[in-house]
Structures are given as C-alpha cells and as structure tokens.
Protein chains: 2
Amino acid sequence: MDTAAQPETAPAENLSAKVYADLKMKLIVGQLRPAETLSIRTLAEEYGVSAMPVREALRQLASEDALIGAAKKAYRVPDLNSSEAANLFFIRAILEGAAAEIAAENVRAKDIKFLEKLVQDMDTAWQNQDAVQFLLVNFKFHSRIYSLTGNSALQSMIESLYARTGPWLAHGITELVTIDSWMGDHPAIIGALRNRDAALARKLVEEDARWGVDLYRARS
Amino acid sequence: MDTAAQPETAPAENLSAKVYADLKMKLIVGQLRPAETLSIRTLAEEYGVSAMPVREALRQLASEDALIGAAKKAYRVPDLNSSEAANLFFIRAILEGAAAEIAAENVRAKDIKFLEKLVQDMDTAWQNQDAVQFLLVNFKFHSRIYSLTGNSALQSMIESLYARTGPWLAHGITELVTIDSWMGDHPAIIGALRNRDAALARKLVEEDARWGVDLYRARS
DNA sequence: TGGGTTAAACTGTGATCACAGAATCATGTA
DNA sequence: TACATGATTCTGTGATCACAGTTTAACCCA
C-alpha cells in the first residue's frame, strides 16, 4: 500500500480512496510512464487487496482523464500529443494564475519559509538526478500556494491537472531541461508573494505553467 | 434508464457510464434537491441494474464533490453554504471567461443561430415555469460556447461545476429571480461572439457566473 | 405519556464468481 | 520461412453474497 507518498489531502477512509490516492500521486510524480498499462488484478495483488477497490480507483482516475479506460481493454496511462498537452497547461495557467492572485493576499510568513525550503529541496533533488523527488517537491510548492486560496474545489481541479501532466513531464524532464531554464522562476514567485504583489504573482505562475507547453514543443 | 436527458458527451459504453451520465444530468438540471439522500440499492432497482454500476457512478460523482459520500452512510446531494457556492461560481467565472475568449475567435454562423434558438427556448421554459427545462437549456447554451474551444479538459471541468451548482440553483431559482435580472445577458453574449469581441465576451460570461453568487447572497 | 433501550432495517464496503470481448502466443499449413 | 488460424490467457464488467457500521423504528418500563 505504501508504495508511493501519500498526498496531503488523503482522507483514506476506505481502501478505494487509498488506492486512488496512491495511484494519483504516482501519476503526479511520474512513477507511471505514458502508455503504461494497468491491470486491475495485478494491482490488486500488489496492494494486497481484492479487485474491488482497485477497479473503483482506476475508474475514478479514468473519469478525470488521468487514465484511459476503454471497454474490456486494459487501463493505460495517457500519452499526450502536443495539442492535448497544450490544452492542459493552458488550464493550469488560468487556474493557478487566479489562485496565485488570491494567495498573494493571504500569504503568511510561515508559508514563505516553507516555500523557500521547498526551493532548496528541489535544487538538491535535481542535483541527485531524482526526477520523482523533483516532481514531488515541485507539486508541493505549487500545492502550498493554491491551498492559500481556501478554495478546495480549485485545489482538487489543479491537482487533477498535475496527475494528467505528470507522466509526460517525468518522461521529458530528464532529456533536455537544464536547471537554469526554469529554476529562476520559483524564487521570483516567492518574492512576489512576499511583497503581496498579486499581479506579478499571477504573471509568474502563468509563465511557470507555460514553461510546460514550451517543454512539450521542444520535444516534438 | 431514460429518466433524464442524456448529456451530449455521453459515451455510454457500459452501465456505470450510463448511470453516471444520467445522475449528473439530473444534478445539472436540478432534478435532485440539496440534502437529498441517494441509496445504491434503491437506485439500482430504479435503473433496473445491479448495485455495481450504481455504486461506481455514485463514487465517481462523490469524487468530484458533486455528491457527498461518507463511510457507511448514504450518499447525499450537497447543500452548499455561501462560501462554498461563491468558490464554485468563482471558478466558473475564471474558466468560462477564458473559454468565451477563445470561442469568440472560433465561432461560426451556425453556432450563432443555435445559440439564438436556445435563448428563445429558455424564454419559453421560463414562461412555462419549467425550471428543469430552463436549467437544461441554460446549460446547453453555455456548453455550446465552451465546446468551441476544442479543449475537452476545459469542457469536463466546467460541466462538473454545473453539476455541483445545479441543485442549489434549481432550489433557489423559482423563489426570487425575475426574468429581467438575467435574461438580458445571453443576447449580449451572442452579440459579442458575433462581433468576435473576445474581451467583451469574457466580461459578459464572467458577469453571468457572478450572477450566481449574487443570487446566493440574496438568499442567505 | 415520556424517555431510554433494544431490535430491526438500511447503509456502503470488500470479496468472489461467471462471462464476454481483446490480445497474445503457439501451432500447423502452404 | 511466412502467414493464417486456432486456442489460451488476460482484460474489464456485472451480479451476488457477507459484513460492519448507521439510522430508524418499535417497544417496554417508569
């Protein structure tokens, strides 16, 4: 069961929720590769549960298009084309931009401190070539920001977008991204939040999401 | 099975998807009231299927917070408070505003014609005091607009928001909304689209969503 | 009659089985 | 050797059962 880190929002009331949270986190951090196939029975054995919780978790992920599920065919991780990826990063830019705007008004000193630590963690993860840890910390960074909006609906929607873009990001990130091409943005975002500059925070976060699109274009 | 209108996006490959689509549409058009309780076995009998497809549909709706599902307790339709409703309409304004902006660039003559017909349908539905039909046509109106973006992810997210706000809208709409207080907006939206005025289309659609928040404040 | 307690009915949850379609692999033929 | 065809394995899907909490209702006692 504890094969992946649990997300902060894990309610874990029942087995289905646990499996769902675990698989979703694996998607976010890139522990599942594009076009990879997922079988209910195989996963059930891995998790040590029956097929029932797994099938509900897979169906749930498929319902938010984090997985692809066709009738009588194995579930599989989506392999995004450039158009689909652009659409997702476009929505991320919209939602996270709006979230950052609100977050800039609610941010506290402890939030700044936490974000600064995450920037360091992301740096070390990169130096260790640990793509999973890198994406996990990146997710935590953004997650902390839009949790400051107090809008849980907004939060779950953005989370879903990370689950959908995670597999592709993990697949492409080690190939051609240099540490300079992105790392400069996160400290700038922290600075905008500290200064309560909502407009700048929005702009920077939107650019950070746009970076995902650019990364995709560079690959294809 | 055919107890509610099927949404345009209904794939309906399996029973779970059919039940899910049907229940979601009932939420959107207000055929399920806030705090109403839903039982797996009861619904299974109504739909003439086993409990299995129903439980998956209910879990799926609960996963997007269109229903509330606690452990070992009956599923129920959320009864939003003012803060929750405001959060949802806020997201709707963001997403639909961005969608309208893109739609204004892609709109065709046949789309305009279709939207104009829907305005008429909505008018007659109001005169007939048919709240269900009214909300259905309203949904179709907005749905058509953001389908023009070609961004299916955006589409499903907005749909989910309609499912979450539908029950409350249906409950409050017959109480205090006069036909003048909103109807003026839809023809204006059509005009903005026809003129390919993206900025105006965005502004009007955002205001249309904001109307939901105002309606809520008037109630509480 | 009122209140508390118990029993019955109802709830979602997990597990297991049967089934039909999809995919894969082996086998036999040209 | 190449290819078609067969069987076997694997896939999700639907149904049914047992179980443990939750809720509701009835009932009995004061």
Side-chain angles (χ1 to χ4, degrees), chain A residues 1-3 6 9-24 26-27 32-79 167, chain B residues 1-3 6 10-24 26-27 32-79:
Chain A
M1 180 59 54
D2 46 2
T3 46
Q6 295 287 330
T9 65
E13 301 170 337
N14 47 32
L15 290 181
S16 301
K18 287 183 185 173
V19 175
Y20 169 81
D22 188 78
L23 287 175
K24 186 174 185 178
K26 280 186 175 172
L27 286 169
L32 298 177
R33 279 166 302 175
E36 180 172 349
T37 191
L38 297 176
S39 153
I40 292 180
R41 289 171 176 84
T42 304
L43 287 174
E45 199 171 3
E46 288 182 13
Y47 284 113
V49 298
S50 82
M52 185 62 60
V54 176
R55 66 188 279 187
E56 289 190 333
L58 291 180
R59 164 171 293 276
Q60 193 165 321
L61 287 167
S63 79
E64 39 185 306
D65 292 317
L67 291 178
I68 298 176
K72 312 259 182 183
K73 283 198 285 188
Y75 286 91
R76 67 180 198 277
V77 180
D79 195 357
Chain B
M1 181 57 54
D2 46 3
T3 46
Q6 295 286 330
E13 300 170 337
N14 47 31
L15 289 182
S16 301
K18 287 183 186 174
V19 175
Y20 170 81
D22 188 79
L23 287 174
K24 186 174 184 177
K26 281 186 175 173
L27 285 169
L32 297 176
R33 280 166 300 177
E36 181 173 347
T37 191
L38 296 177
S39 156
I40 292 180
R41 290 172 177 83
T42 304
L43 286 175
E45 199 172 3
E46 288 181 12
Y47 284 113
V49 298
S50 83
M52 185 62 60
V54 175
R55 66 188 279 187
E56 290 189 333
L58 291 179
R59 165 172 291 275
Q60 194 166 322
L61 287 168
S63 79
E64 40 185 307
D65 293 316
L67 290 179
I68 298 176
K72 313 260 184 182
K73 284 197 284 187
Y75 286 91
R76 65 181 199 278
V77 179
D79 194 357

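Quick caveat, the model's predicted, so the values are computed rather than measured. So that the names make sense, note that chain A is the first sequence line, chain B the second, and so on, each numbered from 1.
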Per-helix bend value, the helix from C:dT1-D:dA30 to C:dA30-D:dT1, C1' rotation axes over five pairs per end, 10° rounding, shows 10°

Closest heavy-atom pair, A:P78 versus A:D65, reported as atoms and distance to 0.1 Å, is CG-O, 3.9 Å

With a 4.5 Å cut-off on side-chain heavy atoms, are A:R33 and A:V77 touching? no

Rounding to an integer number of Å, can you tell me how far A:N14 CG sits from D:dC19 C1'? 15 Å

Members of residues 37-45 of chain B that approach DNA chain C, where some heavy atom sits under 4.0 Å away: B:L38, B:S39, B:I40, B:R41

Should B:R59 be listed as having a side-chain N or O under 4.0 Å from OP1 or OP2 of C:dT13? yes

To the nearest angstrom, the CG-P distance between B:L15 and D:dG12 comes to 17 Å

Would you kindly give the NZ-to-C1' distance between A:K18 and C:dG14, to the nearest whole Å? 13 Å

Heavy atom of residues 61-71 of chain A under 4.0 Å from DNA chain C: which residues? none

Shortest non-hydrogen contact from A:S50 toward A:A44: O-CB, 3.5 Å

Do A:L32 and A:L38 have side chains that approach each other closer than 4.5 Å (heavy atoms only, starting at C-beta)? yes

Calculate the interatomic distance between B:M52 atom CE and D:dT13 atom P; express it in whole Å. 11 Å

With side chains defined as the heavy atoms from C-beta onward, is the minimum distance between A:E64 and B:E64 less than 4.5 Å? no

Give a yes or no on whether the backbone of A:V54 and the side-chain of A:S16 come within a donor-acceptor separation of less than 3.5 Å. no

I want to check something: taking the side chain as every heavy atom from C-beta on, are B:T42 and B:E46 in contact at a cut-off of under 4.5 Å? yes

What is the distance, rounded to the nearest whole Å, between atom NZ of B:K73 and atom C1' of C:dT13? 15 Å

So B:L58 and B:L43, do their side chains get closer than 4.5 Å, heavy atoms only? yes

Could you report the tightest heavy-atom contact between B:Y75 and B:A62, atom names first, then the distance? CE2-CB, 3.7 Å

Any side-chain heavy-atom pair from A:E56 and A:N14 closer than 4.5 angstrom? no

Residue-phosphate contact under 4.0 Å: B:S50 side-chain N/O, D:dG14 OP1/OP2: no

So do B:K18 and B:D22 actually touch side chain to side chain, heavy atoms under 4.5 Å? no

B:Y75 side chain N/O closer than 4.0 Å to the phosphate oxygens (OP1, OP2) of C:dT13? yes

Phosphate OP1/OP2 of D:dT13 contacted by B:S16 side-chain N/O (<4.0 Å): no

Looking at the base of D:dG14, is there any donor atom on it, or on the side chain of A:R55, that sits under 3.5 Å from an acceptor on the other one? yes

Tell me the interatomic distance from A:K72, atom NZ, to C:dA22, atom P, rounded to whole angstroms. 9 Å

